[in-house]
Engineer: 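Before we start, here is the structure in question, set down as structure tokens.
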Amino acid sequence: MPETSTDGVPTAAIDVDLPGDAFDALLAAVSADGSSDAPAIDFEGLRATREDGATVIEVDGERFRAESERDLHEVASDHAAHVTNWHFYERVAGADTPRRAFVRWLEAAEDRSVEARYAALAEGIVREWGQLRVTTTLTDRGDRRYDVRHADDATAAVDDLDAHEKPRDAREIVTFDADGRYRPLKTAPTLRAGWVFPDLDHRDVYEVVEAIYPATVANWHRERGGRLDVDHWRETMDRQSGIYGVVQTWDRGEGHEHVNWVAEACCADSQCLKRREWQYDDETELDVDGGDGVFPCREPCSLVVSAARKWTRLEGEDEQSYEFTLTPSEKEQLEAIIDAVADGRTEAIREADLKDPANRYRARFLRAKRFDEEGNLPGVPTDDGS
Amino acid sequence: MQSLVIVAHGSHLNPDSSAPTYAHADTIRASGAFDEVRTGFWKEEPHLREVLRTVEGDEIYVVPLFISEGYFTEEVIPRELRLAGWDVSEWDSDGISADQATLVAEDIDREVHYCGPVGTHRAMSDVIVRRAESVTDDPDVGEGFGLAVVGHGTERNANSAKAIEYHADRIRERDRFDEVRTLYMDEEPEVDDLPEHFESEDVVLVPLFIADGYHTQEDIPEDVGLCEDYRDGYDVPTAVDDTRIWYAGAVGTEPLMADVILERAADAGADLDDAVATVRETTRVATGD
């Protein structure tokens, strides 16, 4: 039946059995409308056209003519990879949605031919999304299956992890960090490890990712299409109202240094895995790095707005000069304590590590020595610097 | 394709804030009434600003999980969802009668049905009663009992008290509880003086809040005298003076709240088949049969 023969690698080398629903869809597609000149199917190396009452199937340029349904089934079975690939993307995964784009990205569909991809899927194609590691594999019927876990659990056996089936289970995973603390920012790099969704379909893999990193796929999809709507600092603050309206007073036409500080404090990769795309305004870029995340951040989030409200009040104070007496080591110790808190390192400081300036005993000693009875550093009173 | 979007406040500090939203979304998903159910928040993710772009459907119903009409439902949510041409007059409401407005959400360039808040829907009266049944573990609770419906008060929003009075009136008309009173946290009659306002020995106290948090877990139990310090906890019921108070916690945690969300969407035109009946059945208090 092949009209031409090539020396290419036969698709049959990838062991996919053509499932009935994929063949039925193929049959329906080629039977649907014989009047149009457009091919019934033209998708990633698979073409199907009607020609003089027969169906002509082309697979990567190789032509096959099917005179009967039986012929067609034989051709389709010989090229089950192409047929199942078409069926999955054009009939199962749906129209042009972020979800479809995401599952295509998961298997690097834009970068490889169907043959190469199916060969790679047999081994599993791995992608990382934030702290997630997603592995796409293929069943012998050409269905995609997905394993989602923490990137730190890359080599762990499923049996050694807490296995889940339902996407809603992801909610518990994202709500608390490994120490049981509430995570107010889902894209913070504090996702706990030790769990796996070992066998999801294309809908559920999207739902799990959506639960763990909400709206990141939608924003990534818009960005890829050049349609990401970025709202910069100024626009975002300008639309705040109620108790957040006060942040509008923080921009006094004196530059954007304060927004650099906010971005450095809140938006660095160590704090949030989104890649910050918003700037001060559409003409003024911030001076700090936006990070390397896969998915973009399109406007200051609610945590940043809340923090900005606090800083608006604090930064409204006039600076004052204070004079304290500290030894050089004590000054360095204060700096080290601030660093330890800012880097979230305090829990990791060992109880008896007196060499660490942010050690608890060291801090208590400093307090005992330097604070007065009111808990102040002695010298100029806090509220009397005038 | 029919989609439901439940929008709620959420919290940066308290995981219980969004818990009812997720629970009711799960109940509605299980009912099969919608092709998809999404949740969006003011303080959590996806943010109100971005939730609509996660929606695939073309018939979209947005239901605010808020107690009253006011700042959030009238200003914040429409602004953040980018509802083109929104004006509160779209609801033509007297403060408790908002039903729905159909507007284009600029973020997705599709129409959405923006519904009134759950708290002012007539079905909310049933949830308050159901909450009383749950906390007493008695599906027939009423005789010999008083019911205190408790709200924040009018300090920030006059409509808040309107909603509470509306439901209290409706429940009173049913003649089920010996007495039904409204009490407030920051105005007279105050919840602190609860025993003075009731003759019944047993009173169910239902706070009209969406989620458990500072007000329902700390303020009210201490103000009413259920405990000295909320961290010590309290029994249900707890006797204060000569009144046994059955403290129900936030009404919004009651599973039947899912029904109010559905009713809001149905009023706006959603095709729900028998989902309302299913949810009413699956969330009811067991009779012990």
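Lettering of chains follows the sequences in order, A, B, ..., and the numbering in each one begins at 1. From a predicted model like this one, the values you see are computed outputs, not experimental measurements.
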Engineer: If you count heavy-atom pairs under 4.5 Å between each of Glu75(B), Arg29(B), Glu44(B), Glu56(B) and chain A, which one has the most?
Structural biologist: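 That would be Glu56(B).
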Engineer: Under the 6.0 Å and 45° cation-pi test, does Arg264(B) pair with Tyr61(B)?
Structural biologist: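 Judged by the rule, Arg264(B) and Tyr61(B) form no cation-pi pair.
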Engineer: Heavy-atom cut-off 4.5 Å, strictly under: side chain, backbone, both or neither for Asn14(B) against chain A?
Structural biologist: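 When you check distances to chain A, only backbone atoms of Asn14(B) fall under 4.5 Å.
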Engineer: What part of Glu207(A) gets closer than 4.5 Å to chain B, counting heavy atoms only: side chain, backbone, both or neither?
Structural biologist: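 Only the side chain of Glu207(A) comes within 4.5 Å of chain B.
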Engineer: Need one label for His47(B): side chain, backbone, both or neither, based on atoms under 4.5 Å from any heavy atom in chain A.
Structural biologist: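 Just the side chain, heavy atoms under 4.5 Å.
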Engineer: Let's test your reading of the structure: which of Arg168(A), Arg171(A), Glu299(A) forms the most heavy-atom pairs below 4.5 Å with chain B?
Structural biologist: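 Among Arg168(A), Arg171(A), Glu299(A), the one with the most close pairs to chain B is Arg171(A).
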Engineer: Compare all side-chain heavy atoms of Phe197(A) with those of Asp204(A) and state whether any distance is below 4.5 angstrom.
Structural biologist: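 They are not in contact (no side-chain heavy atoms under 4.5 Å apart), so the answer is no.
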Engineer: Given that the side chain runs from C-beta out, which part of Arg222(A) has a heavy atom under 4.5 Å from chain B: side chain, backbone, both or neither?
Structural biologist: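 For Arg222(A), the side chain is the part near chain B, not the backbone.
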Engineer: Could you tell me whether the side chain of Glu90(B) reaches within less than 4.5 Å of the side chain of Asp92(B), counting heavy atoms only?
Structural biologist: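 A side-chain contact is absent here, since even the closest heavy-atom pair is not under 4.5 Å.
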Engineer: Determine the sole option in Trp105(A), Phe102(A), Trp129(A) for which the ring pair (Phe, Tyr, Trp, His ring centres under 6.0 Å) test with Phe295(A) is passed.
Structural biologist: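 With Phe295(A) as partner, Trp105(A), Phe102(A), Trp129(A) yield a single ring pair (Phe, Tyr, Trp, His ring centres under 6.0 Å), made by Trp129(A).
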Engineer: Can you tell if the side chain of Met257(B) reaches within under 4.5 Å of the side chain of Thr27(B), non-hydrogen atoms only?
Structural biologist: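 The answer is no, as the side chains (C-beta and beyond) never meet within the 4.5 Å cut-off.
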Engineer: Using a 4.5 angstrom heavy-atom cutoff, name the option from Glu80(B), Arg49(B), Glu50(B), Lys43(B) with the most pairs to chain A.
Structural biologist: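 Option with the top pair count is Arg49(B).
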Engineer: Measuring heavy-atom distances to chain A, does Thr39(B) have an atom under 4.5 Å in its side chain, in its backbone, in both, or in neither?
Structural biologist: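 Neither; nothing under 4.5 Å.
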Engineer: Name the member of Ala218(A), Ala215(A), Ser241(A) that forms the most heavy-atom pairs with chain B at distances under 4.5 Å.
Structural biologist: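 The option with the most such pairs is Ser241(A).
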Engineer: With a cut-off of under 6.0 Å to the ring centre and 45° to the axis, is Arg298(A) in cation-pi contact with Trp278(A)?
Structural biologist: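 Geometry flag: not set, cation outside 6.0 Å or 45°.
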Engineer: Examine whether an atom of Glu45(B) lies under 4.5 Å from a heavy atom of chain A, and if so say whether it belongs to the side chain, the backbone or both; otherwise answer neither.
Structural biologist: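 Both parts, backbone and side chain.
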Engineer: For Asp94(B), is the CG atom crowded, meaning more than 12 foreign heavy atoms sit under 6.0 Å from it?
Structural biologist: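 Yes.
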Engineer: Is it the side chain or the backbone of Arg79(B) that comes within 4.5 Å of chain A heavy atoms, both, or neither?
Structural biologist: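 For Arg79(B), side-chain heavy atoms alone lie under 4.5 Å from chain A.
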Engineer: For the candidates Leu185(A), Val305(A), Thr216(A), which exhibits the highest count of non-hydrogen atom pairs separated by less than 4.5 Å from chain B?
Structural biologist: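 It is Leu185(A).
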Engineer: When you look at OH of Tyr214(B), are more than 12 heavy atoms from neighbouring residues, nucleotides or ligands closer to it than 6.0 Å?
Structural biologist: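 Not more than 12 within 6.0 Å, no.
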Engineer: Tell me, for Thr187(A) versus chain B, whether the close heavy atoms (under 4.5 Å) come from the side chain, the backbone, both or neither.
Structural biologist: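 When you check distances to chain B, atoms from both the backbone and side chain of Thr187(A) fall under 4.5 Å.
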Engineer: What part of Tyr71(B) is in contact with chain A, defined as an atom under 4.5 angstrom from a non-hydrogen atom: side chain, backbone, both or neither?
Structural biologist: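 Only the side chain of Tyr71(B) comes within 4.5 Å of chain A.
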Engineer: Please rank Cys301(A), Ser306(A), Pro98(A) by heavy-atom pairs under 4.5 Å with chain B and give me the top one.
Structural biologist: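 Maximum pair count with chain B is reached by Ser306(A).
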Engineer: For the interface with chain B, which of Gly94(A), Ala95(A), Pro214(A) has the highest count of heavy-atom pairs at distances below 4.5 Å?
Structural biologist: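 Result: the option with the highest number of such pairs is Pro214(A).
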Engineer: Any salt bridge linking Arg104(A) with Glu107(A)? Criterion: basic side-chain nitrogen under 4.0 Å from a carboxylate oxygen.
Structural biologist: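 A salt bridge is absent here (no side-chain N lies under 4.0 Å from a carboxylate O).
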Engineer: Compare all side-chain heavy atoms of Glu254(B) with those of Ser134(B) and state whether any distance is below 4.5 angstrom.
Structural biologist: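 Yes. Closest side-chain heavy atoms under 4.5 Å.
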Engineer: Would you call Glu277(A) and Arg275(A) a salt bridge, using N to O less than 4.0 angstrom?
Structural biologist: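 Answer for the salt bridge query: yes.
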Engineer: With only heavy atoms counted, which part of Tyr206(A) is less than 4.5 Å from chain B, the side chain, the backbone, both or neither?
Structural biologist: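 Side chain only.
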